[in-house]
Each structure stands twice: as structure tokens, then as C-alpha cells.
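Taking it in order: structure first as C-alpha cells, then the write-up.
Just so you know, residue 1 is the first one in the sequence shown, and it goes up from there. Just so you know, ligand 1 is whichever comes first in the structure, and atom 1 is the first atom listed for that ligand. Keep in mind that this is a model prediction, so the values were computed, not measured.
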Amino acid sequence: MARKPIIQSSDFDDSDEGLDESFDTRSEGSFAPRVDSDPLASREEDLLLRPTRMFEMVGQRDVYARIEIAVQAARKRHEPLGHILFDGPPGLGKTTFATCIPRELGVPFQIGNGATLKAPKDIVPYLTNAEEHSILFIDEIHRMQKCVEEFIYPAMEDFRIDLTIGDGVGARTINMQLKPFTLIGATTRTGLISAPLRDRFQMREHLDFYTPNELTEIVRRNAKKLHVEIEDEAALEIAGRSRGTPRLANNRLRWVRDYADARADGRITLNVARAALKMQGIDILGLDPQDVRYMSVILNIFRGGPVGVESVAHTMNVSPDTLVDEVEPFLLRSGLLIRTPRGRQLTTKGFNHLGVTPPE
Ligand code: ADP
């Protein structure tokens, strides 16, 4: 398959919606740039639902306002945008921001993933390919190896890298100047980002969960994009069971739409939405079977906690990262769970949600 090293913003103008997603930034080994045939063609709907311009984004108004100012200033001064770090749980819009920003600036961009940046040589092509004022987006930047992190400090600060050519006594270092570019990092674990790396980002933006109103708006807009009729109450119901996360709102909407097509007349009514979500095991708070299982393991095996996340992960046969990144943030925020120095513990609300009387 032919590889194309740089993704030009002209490759994904508005008529060509979503081409930026023609690579999976999350899977190992996929940091390489876009391939010409779209391996994710089956995810056409994902692409359709992802905002391509910042004005289409719902919620995160404070972050939005700050980014808008920085973008406008960079445009006015014909300077590269300062480096930006986004953090927050998965599915809240880090990638969406990162892919909208270059469109606002009208500059090319490249996408990499920290998990695949194991040695400086892995990041060199991105840096040397970076065009003037272009954007380099590194998802899961906390997974980048320390040696890569140290290697990019001078690139971030002075737009230069030190390359070592050859081995042993014949080795020599050359200093290479780069074109001024902007690094956008995204992480679900800001705590794993070292202070020196964090401090090199001029802006650090935390994305928080969305309100039910914001999610309802996203569901309504996306129902329109999918050409499906939806009752207001049904949009509210789907939004309320999406754990504050646009990605889940979209996933739930698509499932409810399938259900409406297969079991009803295609319209999403409140009853259709409720029946569809029930069939997927999504409860009133929006917890899915994995969330409930996590809480049940703490309750039944570890007597409500406190218990270390590794022990729970082991019992459930999932990775601790999945629990920390995907399951716990919403449970913590909803007050169903707390983190103590001795581990995770269900709260009274957590016990009640499982229909169990909390211990004294
Ligand atoms: P992250 O990178 O934080 O995991 P993404 O940017 O991939 O999250 O967002 C997941 C999906 O949620 C996107 O494909 C998009 O459809 C939707 N989404 C995210 N943020 C917004 C937003 N602010 N407005 C509307 N939809 C959004």
C-alpha cells in the first residue's frame, strides 16, 4: 500500500469530510501516516458524526474560547500556534479538537501515537516532514518512551534536533534545524506526563464530561446527519445514558437507530430508545455491563473495598488501564466510587445503585 508521509489540510476539505480518520491513531503500529485506501471505510458513520470545524463542536466552551483566541492570534501574526496538551477521559473530543485546529489555521497536519514512538528514530520522520506552521498531533502522548520525550525537547523549544549518525568512534552528531511547527498532545493520564514535558506546552487544556443538555444537542444534530427522526424525549434519554461522553452518545444513538429500523418503523420514540438501551444492558445512569461488573466485583469479592485496581482487573480479566481510563472516571465523578490511599471503595450511592444496603 502506498504511504503518503504528510497529510495536507487540502486532503480533507469540507467536501471530503473525515479523511483525517483514514488511519487509526489508537492501534499499535499505526502511527504511520494515512494510506491511500481507507482501511476504516466501515467507520464511515464515525467520520460523518465527528465535527470537522470548531464551530460545529458542542460544549467545552471555556476550552473552545481559549483555543479560538490562540488560533486567531497565530493567524494574525503568521506565527506557529503554541504547543497544546489536551487531557481528559476517552471520547470527550481531544482528537476532534486536534483535527479541527489545523483546519481553522489552514495548515497541514500529521498524526502519531505515543505507543509507537519507542526510539528517537520513530519520531524523526514526523519532525523533518513537518511543514512550516503545520500541526503534529500525538495521541496517547504519555505512552511515548522517555528517550523520545527527551529527544523532542529541543524540537519543541528551538525547532531543532540533534541527530547521531554512525556508531562507536565514527559516530558524529549533527544539528538539524526544523520548520516551526506546533505539537498537539493528547492524554488520558496527565499524571503520567513528566513535568519537563508538560511545561513545554504553552497551553494545557482539560476536557471534562459534557452536560446532559450538551449531549442532547449532539444526539439531535447527529440524528439529523443520519437522517433519522427522533423525539425530543428520546434524545434526552439517550444523552442521559451516555455517561457524559459524546462518543458514547453517538454509539448509543447508532444502536437505537438500528433497533428502530429492525423492531419499529424507523422513528426513534422514547419507548424505542428505552427498549433498545435496555437490550444493551445500559442502566438508568448510563452504566454498561462492564461498569456494573466492575462495581459488583468490588462489592461481592472485595466487600465493597478498599481494593487495589490491579486486583479488580485481575479478577475481571481486563487490563488495569482499561479500568482506569474507561470505567473509573465516570464512576468517580458520579460519586459511586472513591479512591482512597488503600484503594478503590464503593460509596453509599454505589451500594444503593447495586440495590444493596451499605454496611454501617
Ligand atoms: P478523544 O480523542 O478525547 O478520545 P474524540 O475526539 O475521538 O475523543 O471524540 C469522540 C467522538 O465524539 C467524535 O468522533 C465526535 O463524533 C464526538 N465528539 C467529541 N467531541 C465533540 C463535540 N465537542 N461536539 C460534538 N461531537 C463531539
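A salt bridge links Arg189 to Asp325: one of the charged nitrogens lies within less than 4.0 Å of a carboxylate oxygen. Looking at Asp283 and Arg241, no side-chain N of the basic residue comes within less than 4.0 Å of a carboxylate O on the acidic one, giving no salt bridge.
Taking a 4.0 Å cut-off on heavy atoms, Phe86 fails to register as neighbouring ligand 1. Gly91 counts as a contact of ligand 1, since one of its heavy atoms falls under 4.0 Å from the ligand. For the pair Ala186 and ligand 1, no heavy-atom separation below 4.0 Å is found.
The backbone N or O of Ser334 sits less than 3.5 Å from a side-chain atom of Lys349, completing a donor-acceptor pair.
Using a 3.5 Å distance cut-off with no hydrogens or angles, the side chains of Thr182 and His83 do not pair a donor with an acceptor. Remark: the Arg274 side chain and the Asn271 side chain contain no N/O donor-acceptor pair separated by less than 3.5 Å.
For the atom pair CG (Leu226) and CG (Leu253), the distance works out to 5.5 Å, reported to the nearest 0.5 Å.
The shortest N/O to N/O separation between Pro90 and ligand 1 does not fall below 3.5 Å.
In the vicinity of Tyr210, heavy-atom distances shorter than 4.0 Å reach the ligand 1 atoms 20 (N), 21 (C), 22 (C), 23 (N). Heavy-atom proximity to Ile218, at under 4.0 Å, picks out these atoms of ligand 1: 24 (N), 25 (C), 26 (N). Every atom of ligand 1 with a heavy atom of Leu49 under 4.0 Å away is listed here by number and element: 16 (O).
Contact annotation: for Phe97 versus ligand 1, there are no heavy atoms closer than 4.0 Å.
Under the 4.5 Å side-chain heavy-atom criterion for grouping Ile, Leu, Val, Met, Phe, Trp and Tyr, Phe86 is not connected to Leu192 through any hydrophobic cluster.
Evaluated by nearest non-hydrogen atom to atom 9 (O) of ligand 1, the leading choice among Val58, Thr96, Asp87, Asn250 is Thr96. The residue among Met57, Gln60, Arg50 with a heavy atom at the shortest distance from atom 14 (O) of ligand 1 is Arg50.
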